[in-house]
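Below, read A as the first sequence line, B as the second, and so on, with proteins coming before strands; counting in each chain starts at 1.
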Amino acid sequence: MELQAKPAKVGVLSCSGESEPEGTITRNAVRLVMEKYYPGVAVSLCLPLYLAGDGGEREFSKKYPVITVDGCEKACAKLSTEKYSGEVEYSIDIRRLLAEWGIKNKLSRSRPGELEWEITERVAGEIVSIIDKLVSEGKIEVQDTPGQ
Amino acid sequence: MNRFTVSEMRGRDTEDKKVYVIPCSGIGKPTASVGRDAAYRVIEEKRPKIADTICLALLTLGDKEALEKVRTADVITIDGCAKDCAKKNVEAAGRPPVSSHRVPGYLKDNKDCKPESVLDIGEGGEKLVEIIADDVAREIDRFSGGAGAGCDCKGGCC
């Protein structure tokens, strides 16, 4: 990625996969990071805008370092970003995390309950850790993080 | 709204096929959350026998299986804003949706049903979900000749 100056924001793109519970988790985790942990710093984009938008969306990964959050191994967020926009700094695969955390419960895509929200918070924590790392590496310049 | 007539739909030999209800993947607006929940209400509660969904991002990526589903079944899209990502991505897959909806249009007609936020659409948002889901379910009944509702009215629908 060629960045002219240190960006003040980081792009966090979720697959938002509608057919899978993990897709709902990616979407909600990214929103949590945007609203609660890194407001004004974490920015996102509706993934299908790469095709439906006016083209400016394809500059996304050139403007910001991008973290992708995918619900399954198909890695739509990561691959779509690479295909239409550019390089991805970090990628998260929820199913891999769930396996690491030993979570095998059946999850709901439409009505997230206590467990789904607990997982969502943990995933948000993973995203926050990556943003912290990008900040410490000097890849983004954050002046203040009120949600931290 | 983009609609095919019932006779056109029947001409496409759809009786035994799924109807895919595809919401946009919008992450920035509460109306996108409403569209997503409306799709779930249709496929999980109102017409579970015939309705299903596909991850829109898979279409964006050009996944073969997702493309095949969209090209061989009927699709209803629900978009959260005027960018129409769901509709446009389905069109780009090679076959236009049989019907497409925009949540803001429903909101305009139901001003007391304003959703609160992306993560919590609140009571107003829930009402809007029900209104949209009912509309989509009725469309499915018409398009499927009543197969979705499990009735015998041949698309009347009852």
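- Using a 4.5 Å cut-off on side-chain heavy atoms (C-beta onward), Leu119(B) and Glu35(A) make contact.
- In terms of the side-chain hydrogen bond (donor to acceptor under 3.5 Å, both in side chains) criterion, Asn110(B) has no residue partners (sequence neighbours excluded).
- In this structure, the separation between NZ on Lys29(B) and SG on Cys46(A) is 6.5 Å, given to the nearest 0.5 Å.
- Residue contact with chain A, scored on non-hydrogen atoms closer than 4.5 Å, involves the backbone and the side chain of Ser33(B) alike.
- Here the CG-NZ distance, from Leu49(A) to Lys88(B), works out to 8.5 Å after rounding to the nearest 0.5 Å.
- Nearest heavy-atom pair, Ile27(B) versus Arg31(A), reported as atom, atom and distance to 0.1 Å: O-NH1, 2.8 Å.
- With sequence neighbours excluded, no residue satisfies side-chain hydrogen bond (donor to acceptor under 3.5 Å, both in side chains) with Glu118(A).
- Of all the heavy atoms in Lys74(A) and Leu61(B), the pair that sits closest is O-CD2, 4.2 Å.
- Other residues, nucleotides and ligands place no more than 12 heavy atoms under 6.0 Å from the CD atom of Glu114(A).
- Glu123(B) CD: 12 or fewer foreign heavy atoms inside a 6.0 Å radius.
- Clustering ILVMFWY residues whenever any of their side-chain heavy atoms sit less than 4.5 angstrom apart, transitively, puts Leu56(B) in the very cluster that holds Val75(B).
- Of the two parts of Ala32(B), the backbone and the side chain both hold a non-hydrogen atom closer than 4.5 Å to a non-hydrogen atom of chain A.
- For residues 10-19 of chain A, a heavy-atom distance under 4.5 Å to chain B picks out Ser14(A), Cys15(A), Ser16(A), Gly17(A), Glu18(A), Ser19(A), given by residue number.
- Under the 4.0 Å criterion applied to side-chain N and carboxylate O atoms, Arg111(A) and Glu44(B) are not assigned as salt-bridge partners.
- Residue Glu57(A) touches chain B through its side chain alone, counting heavy-atom pairs closer than 4.5 Å.
- The backbone N or O of Gly26(B) sits less than 3.5 Å from a side-chain atom of Arg27(A), completing a donor-acceptor pair.
- The cluster map of Ile, Leu, Val, Met, Phe, Trp and Tyr, joined by side-chain heavy atoms under 4.5 Å apart, puts Val118(B) and Leu107(B) in different clusters.
- Ranking Leu32(A), Leu45(A), Leu47(A), Thr24(A) against chain B, the residue ahead of the rest is Thr24(A), based on heavy-atom pairs under 4.5 Å.
- Both Ile92(A) and Met34(A) belong to a single network of hydrophobic side chains, linked directly or stepwise wherever heavy atoms of I, L, V, M, F, W or Y lie under 4.5 Å apart.
- Crowding of Glu65(B) atom CD: a count of heavy atoms from other residues, nucleotides or ligands under 6.0 Å not exceeding 12.
- The side-chain heavy atoms of Arg109(A) and Thr53(B), taken from C-beta on, include a pair separated by under 4.5 Å.
- Contact annotation for Ile43(B): only side-chain heavy atoms (C-beta onward) come within less than 4.5 Å of a heavy atom of chain A.
- For Asn89(B), the side-chain hydrogen bond (donor to acceptor under 3.5 Å, both in side chains) test picks out Thr60(B), with sequence neighbours left out.
- Rounded to the nearest 0.5 angstrom, Arg41(B) CZ and Ser110(A) OG are separated by 9.0 Å.
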